[in-house]
Each structure stands twice: as C-alpha cells, then as structure tokens.
Amino acid sequence: MSSRPVGGTEALSDVAPSTTEFLAAVAARQLVGKQRVFAGVGLPTLAVDLARRTVNPDLELVYESGICGAQPEGLAEGIADSVLVSGAAAVLGMPALFGYVLQGGHIDVGFLGAAQVDRWGSLNTSVIGDWDQPRVRLPGGGGATEIMPNAGECIVVLRRHDPGALPARLDFCTSPSPVRAHAEDPRMVPPGHGVSTVITPMAVLRRPEKLGELVVSEVHPGLTVDEVRAATGWDIPVADDVRETERPTVEQIRLLREEIDTVRLYLR
Amino acid sequence: MSSRPVGGTEALSDVAPSTTEFLAAVAARQLVGKQRVFAGVGLPTLAVDLARRTVNPDLELVYESGICGAQPEGLAEGIADSVLVSGAAAVLGMPALFGYVLQGGHIDVGFLGAAQVDRWGSLNTSVIGDWDQPRVRLPGGGGATEIMPNAGECIVVLRRHDPGALPARLDFCTSPSPVRAHAEDPRMVPPGHGVSTVITPMAVLRRPEKLGELVVSEVHPGLTVDEVRAATGWDIPVADDVRETERPTVEQIRLLREEIDTVRLYLR
Amino acid sequence: MPSPDKVTDLPSAVATHVGNGMTVALEGFGHLIPFAAGHEIIRQGITNLTFCRMTPDILAEVMIAAGCVRRLVASFFASGSAGSLHEVRRRVEHSDPAPLEVEEYSHYGMVCRYQAGAAGLPFLPLRSYAGSDLPRLNPMIRKVADPYGGPDIYVVPALRPDVTIVHAQRADRAGNVQMWGIIGAQQEAAYAARTVIATVEEVVDEDVVRSDPNRTVLPSHAVSAVVECRGGAHPSYAQGHYDRDNAFYREWTPISKERDAVLRWLDEWVHRVPDRAAYLEKLGPERWESVRVDPRTSQPVNFGRRRVVA
Amino acid sequence: MPSPDKVTDLPSAVATHVGNGMTVALEGFGHLIPFAAGHEIIRQGITNLTFCRMTPDILAEVMIAAGCVRRLVASFFASGSAGSLHEVRRRVEHSDPAPLEVEEYSHYGMVCRYQAGAAGLPFLPLRSYAGSDLPRLNPMIRKVADPYGGPDIYVVPALRPDVTIVHAQRADRAGNVQMWGIIGAQQEAAYAARTVIATVEEVVDEDVVRSDPNRTVLPSHAVSAVVECRGGAHPSYAQGHYDRDNAFYREWTPISKERDAVLRWLDEWVHRVPDRAAYLEKLGPERWESVRVDPRTSQPVNFGRRRVVA
C-alpha cells in the first residue's frame, strides 16, 4: 500500500464529498497518534484505510475475528474477510483476541456504530421499542459490549443526527458508558474512557471527561450550532472552543475514490 | 511401531525381570481397554509403550506439555521431549490441555508417582516433614493436582513399599483423594475416581469404591499377604479374591529390553 | 498405528448425532460456517433445537425459517456484518409465523460460555455488562464477589451443547481436525459439546496432519464424526480453498424480506438438493469460478527428527 | 508498511526492562526455556526478583544460586522431569545460604493465574484443590460461591509480571513472534506482563511471519523487545533447530549437589562468558553436533489470495 504523504492543506474544490466520504475523512483524522484500532466494517473500514495512507501509516488494524496487523491487498467486505487474513501478522482465536488483546488493554481506539447514543455515550444496538415485542430488532451487542469498556476510547460514527439517533433516553442500553457502570457500582468503572467522539452528518461531539457528557465540539460547514442542538434529543452543551469541522482535502477524497474504494462498496 | 501380539502365556524362564521391568509390565496390563492416558516420565513411559505394543495398540498418549496422540520414533526422556512432538496428532497450549482435555474429562487414566500414598489414595509429592522447614523438599503438585480429580482414574507406581511410602498419615496432601474432597464439602467431590490402583514392588493395591479405601488385590510372586500388610503403614484390608500377581511374559521383557528401552534409560 | 475411522457421510452423521429438542451449536465466525450441515439438519426435519451461534446469519435464517429452531442463543444478529435478518425479525417483532425465544449475550460472553463448557467449569468471569441492560433481561448473566477484595464481577454460565458442528479445511480419518485463517471459538464450542461433527474440505492422510501438529485445532478425542464435504461452507468461505460468495449475501436480502421467498429458496436449494455435491453442481462452475482464490502458501517450518545414535 | 523496529541486543533488553525487585516470569515448558536471558540477568547482578516459572529447573537453580531471586512462584520443582533441585532444597530445607520464599500452585493453577493476568481478570476458577493442603498453606488460593447453585469452586488470583521473557524459533523485527512444538503457557505469561522480551533463534523477514499468521503466538503489540539469540534455549531445546542436551542435564546433578560447584559453574559459564555466542563457542562444535536434528518439515497450507477482478 502507498503511504505517500497527503497534501493536507489544499482546499476542496469541484469534488463535492458525499456524506460517507465526509464522515470517513473526519473519522480518519481522529486516528492521529493512535497505535491500534479495533475496526468494524463499512465506514470504519474506509476511515482506517484512509488514516493509514495519510496521518498514521503505522496504525495496527485489529479485528474481532482475531486478525492482528492486517495488510489487506483489497477492500474488506467485512471483519472476517479472507483478504484481512492473507498476509496478516497474526490470527488469534477469539478467547485470546477478546481476553488478552481487548480485555487485556491493548486496543487504543474502537470504532462503533449504534442506533442510539445518549448524552453519556451509552449505546443501543439491540432494539427500538420494548425488548419483549420490539418495533425493530437490531443486531445486538456483538463485540461492542466488550469494546466499550476495554478499548482506550471509542469513536462512534452515526449516519443520522436527529433525536431518534441521539435520544434523551435509550430504548435499551447494550454498551454502557462508564457513567452507567459507575451508577451501578463506582468500583466497577471500566478501564476505558468509553465514547470519546461521536461523528454525525452534522457535527463532531466529544466527551472529554470519562464520567462526563457529550458536548458539541465541531459543526460541519454550512450548519449552525443551534441547528445541531435542535437535532439532538437532549439539551447538549457546546464546547467553549467549538469550531467548524475541517473539510476533507482533495487528496483525501481522491484516495477514497481512486485507491481505497474503487468498486464503490461503501462509498455511496 | 510394531504391534504384533504377545505370546502372553509362556512362562518367564531364564530372563529374571528387574523391579522396573516387573512394575512396567504390571502397569501396562492396567491399560487394557483404555482410550487415553496421561503419561508421565520414567516407568509410565515404559508402561504405555509396552501397552501399545501388546494389549492396546490404539491407546492415545497425552502429555501435560500439550501433546496429544504422540507417535515417538524414539524413547522420550521426559514429557516435553521433541520426539513426542514430531509426528504427534496435536500440540495444544496448556490452557487447552489442562482446561479442555483434562478438566473437560477426556482422559481415562493418569499415571502418577508419589512420595507417600495414604489409605484413601491421597498423594504427597510436596514435602517430607513440616512444610515450613521440610526435611525433604519434593517437586510439588505439578499437573498431578489436576490429574487426580479430573482423569477417569489414576494409577500410582511406587518404587518402595514400606510405611514411609504408605503411611497412616501423609506429611502433606498435594493431590487429594475424592474422600478428602468429600470431607471438605460433599458437593465438591470431583468427577474422577481418584486412585484406582497402586503398583508397588510388593503388591497391587486397588481402590474399587470412589469413596472407599485401598485393599491388597495382588501379591507379587514369592511374597505373602502378611508381608505386604506388615510393610504398609496402616491396617490395610485384603480383597476376598486376592491372588498372585501375573508374572511378566518373556515377550514383554524382550520388548522392554530389545525394542523399547534399548539404551537402558529407565531400565536399571 | 490404527485408529478408529470416523469418516462418514453427512446424512448419517446428522441422523446419528442430532435429534429433536437438542442444544446444537454451529460455529464459525464469518469463516468456515457449516452451511452444508445446517442444510442437512433442515432436510432431516429436525425440530425444537436450541440453536447456539454467536453470529446468527443466513444459516440461522434458513434453519429458523425451516422450523428447526425453538430458541436462539447468540450475540450478534445480522447477515454478514450488518444486513438485517428478516426471518428473525419477523418472529421477534411480530411472532410471524411463530415466536422465537432469544437468549442474548455479547460476543465475549458467548466465548466465555463455550470456554467454561469446554473446561468443565460452572462459569467464567468477564469485564463486561457493568451498567448494561443485558443482565436485567438475561437472568443467566450474574455477578460474583471477588475474594481478593476487588469489585464484583459479572460471570456467564457454561454452555454445553449436545452437539457442536464445525467446518474445517482438513482432517485425517481419525478425526484430527486442522483449520487456518480465522478460527473463532470453534475449539471452545467443540470441546464444550458432548458430540462433535466436523465437516471438512478434504480428508487427508494422517501424515499430512502429523507433519504440523500445532495446526490441529481439534484432536481426534474431541471429534465423533468426520465428513468430507467440499464447498461445505458456501456461501461463506474456506481460507485458501474458496472465497466468500459476496454476491450470494447480497442476493439474500430481498429473499429474506419475504417469508414466501425464503420458503421457495429452501425448497429449491435445500429440500430438492440431496447433498452438497448436488448443491455445488446446481450453483454451477461459473459461480464457483467467481470465488476461486489464487495460491499464497505458508512457508514450511521444521519440526526436526532426532538422529539415530550410531 | 513500516513498523517500529524492536530488535536489540540482550544486554540492552535486560538492562532496559529488568530491574531489582521486579516480578519476572521466564516461561517455557521443557521447551524453548530462555536460558540465555536468565544468564544475562545473572551477569547484570539483578537482585530481589520475584521469579515466576511453572517448572523451576536448572534455570531457576542458577538464578537463585547467583542471588537474583528473593521469592519463587512455581508449580513443580525439579530438574528436567524429576531430578532434585539441590540449590532450591538447600535454601528451603536449611536456609543455606539464605532462605527462599516459595509461593506454590499446581500447573493449572499457574496457567490460570497467567490467563487471568493476561485477560485483565481478578481471578479464574479451576476444579482443583478440594481436599488438598495447598490452600491452607497458600492463602492466595481462595473459594467463590457459584451463583448458579453449584458447589463452591476454588479460584486463583491473576499473576501480572513486570516482565515476561520467552524464547521462540523466530520473530520479525516488529516483534511478531512465532513458535511451534510445545508452546506451553507462553502466550498467557506474555500477555499477563507489562513488558515482554522475546529472544529468538532467528529474526526473519516479515514476509515469512505473514505467510502463516496462525503461527504467531505473540503479535507485535504484546512484545517490547526482540533479541536474536541463536542457541538461546540450550541446554533445553528449540523444536526443529536443536535438541535437548540431555547430557548437560545429567552432568548438572552432581554440580547442583554442592553450592561451591554451582558457583564455579556460574563463574565459568555465565560471568566469564560475555554472551550466548561465546557460550556456544565454549560449548564447542562437537557438543553442538550432538544436539543437531534432521529435517522434518510441515506441509505448507494455502492462505489464498483474492483474484483481481478484471
């Protein structure tokens, strides 16, 4: 893979980024200085690939399927794709991967998706509606329930920003914030920070304190803080230094389109 | 390896067996019909090899070093010998070997040694004398502490038969009989039978009941029941059907000397 | 060294070892998913299974749609990495055509359940669930006090399937099973079970297996039946043998959305297909060519042989 | 893809990562015992170690005799499979020349301690110790109540060494460590530690490692330093590289019996030898020839390569 440096400063001109491209570029920037990332499928796949080609060529990709140090020759269609295995540094069984690598504290960043995120960064990926007779049955906890307490921090990428996705109260808490763990038992607060960053189509929300709540940190170009707050299901605070989200560079968009996802698997 | 049948009935004539040979031949006979044996080093090595060449060619050899289905091309000088690895069916890590294979209940017979065996088949392999300032510091529990509760049954081979090796009371209990586990908590009785058989230079002692005690079952040729009982540290009962131990056959001795331990590693 | 020959055919293995009402695990984490075995369970009309699978996916959908499953024990409900399981959703959301019991854990929760089952332990602890709603809904997720003075810790109970079925690249006739690439929790799920069926791409000579004993994931003592079943993981994949049939997964979504379409698919691809060879033939050589992989072989390692002392 | 280069020399690795008073594990179950690293710890005069090793053997004897060790945490005290450790016995039986603290478990107890340490757990349960005297003498072996209604079960606490040192057949420069043959509890002991030093027979190109990712026992993230150290496991062995020097083990017993002989041996074979290369040279080609093994290689497996869609 190429790791040639990005001309990171030129403005984006005629290549209007899609939401996916925008989110991927924002997500990739969060990986500066991180060592190991637990990568999911879809947008995180694009983000980690982009990060490795731009800001962090040494980033180690770890997958819950047991793969460490993947060097895929093609774009992975899932966390258990054969291209992640061929040429990887290690493939571990799941007891070692979840027990020693993740719970043992070796993962800096976990990428998570969610149907709902609350103000403390707790996630619902189980059901919309009641558990007993849900309106929508979602995939469930999977590895996220383990990634949340054990990764150094978690980055959540949401494809919606509205009070349904960012509600005042979760329908179900699948992957709890340290705040909820603390509420159950102050001694059971996990080692990880929990959600540090939520990237949405409108904004970047951050949670600087392990037991604190999300704040509006960056607002995407063309949107206002008030619009972001109005689309959030609770009265979300705004960071003192709130600013406009940095736009993707031409080179980032080019890499995504021409080198990373040439078959438009995730770029839609 | 050869598995040609033994001419099992001819009398032993001019080739007087050593104690080691005698014990190995008696031990090998205990393996009729068993599937998997946890084999130690020394006399058990001879016994399992002899059993595979005579009464039980399909016997699977498992070692606490992680080796399953060994087919050694030479005589092993230990349970971690490279000749046990080359050509084995599997080499597992110790969590899988102790957890899944042994504690999971896949071992029929464990071979154990001991400094002391008591009437219930509990073993001392830790110290002679006081723990704090022992007269003799012995190797300790090792895997025996796990083999005892988890193997289907255990066979102990002793090189001495006297009240020191078979005392009324152990100086220390390293590997407890189910009888002792029952005394601690009746619900903690382990799945395995514990010691079923003790083979000594004088006799074969058996413990037919899981919560019962050892009885004199076979007395070696030339010795009497009274001599065996006098050399035992407690008032050991005698089986109703006590009989003379079957002598090694000429073929068993030939195999031990000419095929199994040609370099006299264990045959002394 | 003769060993019992465990090689049989898939109908015999399933008929012998899988029965109505059993707890059955079919594992494989996105790789080596035992699809052929699942189809055979459907063909044999086995019902009322407690079906354990960390990642219920198309395999779970078809077994549930076919009426094999009463209860699902799992940790992530999605087709492939994210697509909805509409058959599961219909049952959970609308009891259509019938309800489905669900017992839910996280991935590591399931792994620990299999580990505990494999190791003969009542439970294993893990550092998840503090603050989660999962323990409130699943009373089998419990806590124990730390006797070393730390905080309480959650535990999950042992899972002990009656039968675990796995697919692997190869095994010898005695049942020493070797796999590579993603190995998931198959070793744990298999050791946790009373009975294990291994379907494999190839039954090989024991010399092949014994040339690399560290590659053995399941020694023969853990395996009851070996079935040679080429292509047995399709539409998932077997590392180095064939790739994932991503087109199949994409085609599944519209089928999954309508129960009638699922039933038609079952009729065409499971009930009217006697075995995996016929399934592959029906799939056709062009489709199979689309999942073929080029070689990329491991470098051999030396296990050594003791030299005979002269 | 550039990765940090972790290759260093043994004196630097030990000087950087091992200090007085630390808890240090040197593991290897009869195979790949990190003797060279132990000798370097002796040469650097490191003291007051809590020395963790399931099977203290000649390596433990020499480190204890050299005054490196205050406390021994172990499960089987013997040279090779059965021979007495006289240096250990002198200290335990007669405090000669000084007492030695001993913390004793069974093998699986030690394995579970490393597993718990590796997995960030406070303890792990195991089905041993009911009725044994060990828990009475070791207060760290405790019991917990089974929240599923079964009997109480014994647990052992996590062991978290400051440093774990292992020897392996090969690693790449980034620290991906591969071993084969008996792998013991090295993965657990390493993941349990804050810092890991891996000495290896060969530092190889990353392509070698990446041709067979299932062979990797320690991924680079678990390893702090890699040291190429041919013959680093002598007098134990490295499967496929050289065999166990059984003559050495037999020669040790009479040395072990007299403390002065042990000290003379240390002077001659450790203090006066700067490194492993010099040690092997002193050992001589004839001795080395006696442990040479003939080749017996694993059959390669195919990991496959996705074909580029035209």
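Per chain, numbering begins at 1; letters A, B, ... match sequence-line order.
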For Leu31(A) and Leu59(A), the nearest pair of non-hydrogen atoms, with its separation, is CD1-CD2, 3.8 Å

Side-chain heavy-atom pair Arg180(A), Cys173(A) within 4.5 angstrom cut-off: yes

Cut-off 4.5 Å, heavy atoms of chain A, and the answer for Tyr237(C) is side chain

Greatest number of non-hydrogen atom pairs under 4.5 angstrom with chain A, of Ala74(C), Gly150(C), Cys112(C), Pro99(C), falls to Gly150(C)

So, the part of Arg250(C) with a heavy atom under 4.5 Å from chain A: the answer is side chain

Worksheet item: Once the angle between the rings of Tyr242(C) and Trp288(C) is folded into 0 to 90°, is it parallel (under 30°), tilted (30 to 60°) or perpendicular (over 60°)?
Response: tilted

Aromatic plane relationship, His234(C) with Phe248(C) - under 30° parallel, 30 to 60° tilted, over 60° perpendicular:
perpendicular

If one checks every heavy atom of Ser95(C) against chain A at 4.5 Å, the contacting part turns out to be both

Those residues of residues 146-169 of chain A that come under 4.5 Å of chain C on a heavy-atom basis, listed by number, are Glu146(A), Pro149(A), Asn150(A)

When the 4.5 angstrom heavy-atom criterion is applied to Val179(A) and chain C, the contacting part is neither

Max heavy-atom pairs within cutoff under 4.5 Å with chain C, candidates Pro178(A), Ala96(A), Ala183(A), Pro95(A), goes to Pro95(A)

Check ion pair Arg91(C)-Glu87(C) (N to O, under 4.0 angstrom): yes

Notebook entry, point to check: Can you check whether Tyr129(C) reaches Thr145(A) side chain to side chain, under 4.5 Å on heavy atoms?
Noted result: yes

- Query: Counting only N and O atoms by type, is there a donor-acceptor contact under 3.5 Å from the side chain of Gln116(A) to the main-chain atoms of Asp171(A)?
  - Reply: yes

Flag, side chain of Thr45(A) to backbone of Ala39(A), donor-acceptor distance under 3.5 Å = no

Check: Just wondering, more than 12 heavy atoms not from Glu209(A) lying within 6.0 Å of its CD?
Finding: no

Comparing Gly99(A), Ser177(A), Ser175(A), Pro186(A) against chain C, the one with the most heavy-atom pairs below 4.5 Å turns out to be Gly99(A)

Greatest number of non-hydrogen atom pairs under 4.5 angstrom with chain C, of Gly93(A), Ser86(A), Gly66(A), Gly140(A), falls to Ser86(A)

Among Gln186(C), Gln187(C), Lys143(C), His94(C), the residue with the most heavy-atom pairs under 4.5 Å to chain A is Lys143(C)

The reported gap from OG in Ser84(C) to CZ in Arg90(C) (rounded to nearest 0.5 angstrom) is 10.5 Å

Heaviest contributor of heavy-atom pairs below 4.5 Å to chain C, chosen from Met94(A), His182(A), Met188(A), is Met94(A)

Item to complete: Would you kindly say whether Arg206(A) and Thr197(A) are connected by a side-chain donor-acceptor distance under 3.5 Å?
Response: yes

* Asked: Phe77(C) ring centre to Arg137(A) NZ or CZ under 6.0 Å, with the angle to the axis within 45°?
  -> yes

Heaviest contributor of heavy-atom pairs below 4.5 Å to chain C, chosen from Gly129(A), Ser65(A), Gly141(A), is Ser65(A)

Heaviest contributor of heavy-atom pairs below 4.5 Å to chain A, chosen from Leu137(C), Ile153(C), Val92(C), is Leu137(C)

Counting heavy-atom pairs under 4.5 angstrom with chain A, the leader among Met54(C), Gln115(C), Arg136(C), Met110(C) is Gln115(C)

One option among Ser75(C), Ser132(C), Gly30(C) has the most heavy-atom pairs under 4.5 Å with chain A, and it is Ser132(C)

Okay, Glu93(C) and chain A: the region with an atom under 4.5 Å from a heavy atom over there is both

- Message: I want to check something: taking the side chain as every heavy atom from C-beta on, are Gln239(C) and Ile182(C) in contact at a cut-off of under 4.5 Å?
- Response: no

From the list Leu134(C), Val217(C), Val88(C), the residue making the most non-hydrogen contacts under 4.5 Å with chain A is Leu134(C)

- [ ] For the residue pair Val101(A) and Ile107(A), establish whether any side-chain heavy-atom pair is separated by less than 4.5 Å.
- [x] yes

Note: vs chain C, highest number of non-hydrogen pairs under 4.5 angstrom among Asn124(A), Val91(A), Asp130(A) is Val91(A)

When the 4.5 angstrom heavy-atom criterion is applied to Arg296(C) and chain A, the contacting part is side chain

dist His86(C):NE2 -> Trp252(C):CH2 (nearest 0.5 Å) comes out at 11.0 Å

Under 4.5 Å to a heavy atom of chain C? For Thr125(A) that would be neither

